[in-house]
Amino acid sequence: MVHIELSAPEHVLQSFERPGQFVELTAAGESAYFAIASAPGAGHLEFLIKDAARQPARALCRLAIGQRVAGGVVAGQGFDLSLLEGDVRAVHLFAMGSGVAPLRSMILHRMHTRAHNIPITLWQSAFSVDHVPFLYEHDVWTAAGVEVVLCLDQDPASAGVVEMLGVRRPDLREAAAYWVGSETYGETIRDALKVHGLPSAALLTNT
Ligand SMILES: Cc1cc2nc3c(=O)[nH]c(=O)nc-3n(C[C@H](O)[C@H](O)[C@H](O)COP(=O)(O)OP(=O)(O)OC[C@H]3O[C@@H](n4cnc5c(N)ncnc54)[C@H](O)[C@@H]3O)c2cc1C
């Protein structure tokens with residue numbers, strides 16, 4: 001996966017209001033949606049692109065500095081953060097692979113605005129530590145009070161997210177949870193979090 005930063009016209013930057021929103025990027029004649037990995041108000045847009053055989057991801061992972069790409073306006077509703085204005089006592093973020101991109105936007109947004117004082121735990125799934133995006137930022141996130149739990153399916157010293165939840169047994173009865181990843185991952189998370197007491201209305205995603 002490749003972490004890229006794009007400058008963008010002011011009207012595009014201004015239309016980015018909530019973590020979880022995404023943009024259609026076009027490169028090599030093909031278009032696809034990519035979630036914004038930076039926080040609203042950052043003055044630029046960052047993305048985490050999974051290098052794929054298909055375009056435009058392949059071309060986006062090979063951009064040269066200064067190269068231009070076509071982009072649409074910011075799309076999607078983003079994450080519904082209104083839940084966090086209620087009686088929520090903890091926020092749990094669940095990411096599979098490049099799905100951590102919009103959750104990084106949420107982490108940075110909450111770090112910058114300091115709007116709430118609710119503890120955040122990020123459960124980040126990957127095959128192994130070599131496949132963990134934004135590993136180089138974990139120290140900064142941790143210093144800001146975010147707990148990162150790596151869920152590494154193929155690391156004998158770690159385990160997948162369901163097993164890690166079983167080991168740590170978080171009390172989710174008054175929590176909110178946000179997930180991003182494949183549909184199968186979402187179903188796995190939904191089933192696992194029900195076991196730990198999360199009310200079904202408290203599990204959200206960005207699409
Ligand atoms: C709303 C939306 C956001 C996307 N954001 C990204 C992104 O940030 N980075 C990326 O590499 N591809 C993202 N994609 C997928 C991208 O649009 C192409 O489908 C992908 O480049 C095609 O490669 P692939 O054949 O490997 O597809 P797949 O194997 O289907 O890969 C899709 C990848 O996109 C990720 N993804 C799916 N939905 C989201 C989402 N809402 N937010 C973040 N990641 C998501 C998945 O975790 C997976 O890693 C997103 C798709 C959608 C619909």
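Order of listing sets the numbers, starting from 1, for every ligand and every atom in it. Fair warning: this is a prediction, and the values are worked out from it, not measured in the lab.
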Novice: For atom 42 (N) of ligand 1, decide whether some protein heavy-atom distance is shorter than 4.0 Å.
Specialist: yes
Novice: What's the shortest distance from atom 49 (O) of ligand 1 to any protein heavy atom, and which residue and atom give it?
Specialist: S98 OG, 3.0 Å
Novice: For atom CZ of R89, is the number of surrounding heavy atoms from other residues, nucleotides or ligands below 6.0 Å larger than 12?
Specialist: no
Novice: Give me the nearest non-hydrogen protein atom to atom 8 (O) of ligand 1 as residue plus atom name, then the distance to 0.1 Å.
Specialist: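 Answer for atom 8 (O) of ligand 1: A35 N, 3.2 Å.
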Novice: Which atoms from ligand 1 have a heavy atom of A32 less than 4.0 Å away?
Specialist: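 Once the distances to A32 are compared, the set is 17 (O).
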Novice: With heavy-atom distances below 4.5 Å as the criterion, would you say the side chains of V100 and V132 are in contact?
Specialist: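 V100 vs V132: side chains apart.
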Novice: Report the part of L48 in contact with ligand 1, treating N, CA, C, O as backbone and CB onward as side chain, heavy atoms under 4.0 Å; options are side chain, backbone, both, neither.
Specialist: backbone
Novice: Does E147 come within less than 4.0 Å of R168, counting only side-chain N to carboxylate O?
Specialist: yes
Novice: Is the closest heavy atom of F34 to ligand 1 under 4.0 Å?
Specialist: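 Yes, that is the case, since the closest heavy atom of the residue is under 4.0 Å from the ligand.
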Novice: Examine ligand 1 and decide if any of its atoms is less than 4.0 Å from a heavy atom belonging to P102.
Specialist: yes
Novice: Might you check, step by step, whether the distance between atom 4 (C) of ligand 1 and some protein heavy atom is under 4.0 Å?
Specialist: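 Given the 4.0 Å limit, the answer for atom 4 (C) of ligand 1 is yes, a protein heavy atom qualifies.
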Novice: Does CD belonging to E163 count more than 12 external heavy atoms closer than 6.0 Å?
Specialist: yes
Novice: What is the closest protein heavy atom to atom 31 (O) of ligand 1, and at what distance does it sit?
Specialist: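 Going by distance alone, atom 31 (O) of ligand 1 is nearest to K50 NZ, 3.6 Å.
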Novice: Are W141 and M1 connected, step by step, through hydrophobic side chains (Ile, Leu, Val, Met, Phe, Trp, Tyr) whose heavy atoms are closer than 4.5 Å?
Specialist: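 Yes.
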Novice: What protein heavy atom lies closest to atom 39 (C) of ligand 1? Include the residue and the distance to one decimal.
Specialist: V180 CG1, 4.0 Å
Novice: Any idea which atoms of ligand 1 are less than 4.0 Å away from a heavy-atom of I49?
Specialist: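 In order of number, 11 (O).
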Novice: Using a 4.0 Å cut-off to any heavy atom of T207, which atoms of ligand 1 qualify?
Specialist: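 So the atoms of ligand 1 that pass are 1 (C), 41 (N).
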Novice: Would D80 and R18 count as a salt bridge (Lys or Arg N to Asp or Glu O under 4.0 Å) here? Give the steps.
Specialist: CA-CA 8 Å; D80 178 357; R18 270 179 305 282; over 6 Å; no
Novice: Please evaluate residues Q124 and H138 with respect to the criterion side chain to side chain donor-acceptor pair (under 3.5 Å), reporting the C-alpha separation (whole Å), side-chain torsions for both, the decisive distance (0.1 Å), and the verdict.
Specialist: CA-CA 11 Å; Q124 191 171 1; H138 283 183; 2.9 Å; yes
Novice: Can you sort out which atoms of ligand 1 are near F22, meaning under 4.0 Å from one of its heavy atoms?
Specialist: 1 (C)
Novice: When you group the ILVMFWY residues by side-chain heavy-atom contacts below 4.5 Å and let the links chain together, are L60 and L45 in the same group?
Specialist: yes
Novice: Where is the nearest protein heavy atom to atom 52 (C) of ligand 1: which residue, which atom, and how far?
Specialist: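 Scanning the protein heavy atoms, the shortest distance from atom 52 (C) of ligand 1 goes to Y33 CB, 3.9 Å.
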Novice: Please determine if R104 and E137 form a salt bridge, counting it only when a charged side-chain N lies under 4.0 Å from a carboxylate O.
Specialist: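 Yes, this pair counts.
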Novice: Please determine if S182 has a nitrogen or oxygen closer than 3.5 Å to a nitrogen or oxygen of ligand 1.
Specialist: no
Novice: Any non-hydrogen protein atom below 4.0 Å of atom 37 (C) of ligand 1?
Specialist: no
Novice: Atom 23 (O) of ligand 1: which protein heavy atom is closest, and how many Å away?
Specialist: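 Closest protein heavy atom to atom 23 (O) of ligand 1: A52 CB, 3.5 Å.
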Novice: If you draw a 6.0 Å radius around CG in D191, do more than 12 non-hydrogen atoms from other residues or ligands fall strictly inside?
Specialist: yes
Novice: What residue and atom, counting heavy atoms only, is the protein's closest point to atom 21 (O) of ligand 1, and at what distance?
Specialist: A57 CB, 3.6 Å
Novice: Got a sec, which hydrophobics cluster with V162, joining ILVMFWY side chains under 4.5 Å apart, including via others?
Specialist: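 So far as hydrophobic clustering goes, V162 is joined with F94, M96, W123, V149, V161, M164, L165, L172, W179, Y185, I189, L193, L198, L203.
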Novice: For ligand 1, which atoms have a heavy atom of M96 less than 4.0 angstrom away?
Specialist: 47 (O)
Novice: Using a distance-only test with no angle check, is there a side-chain donor-acceptor pair under 3.5 angstrom linking Q14 and E10?
Specialist: yes
Novice: Pick whichever of Q55, R104, R58, R54 has a heavy atom sitting closest to atom 25 (O) of ligand 1.
Specialist: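 Answer by nearest heavy atom: R54.
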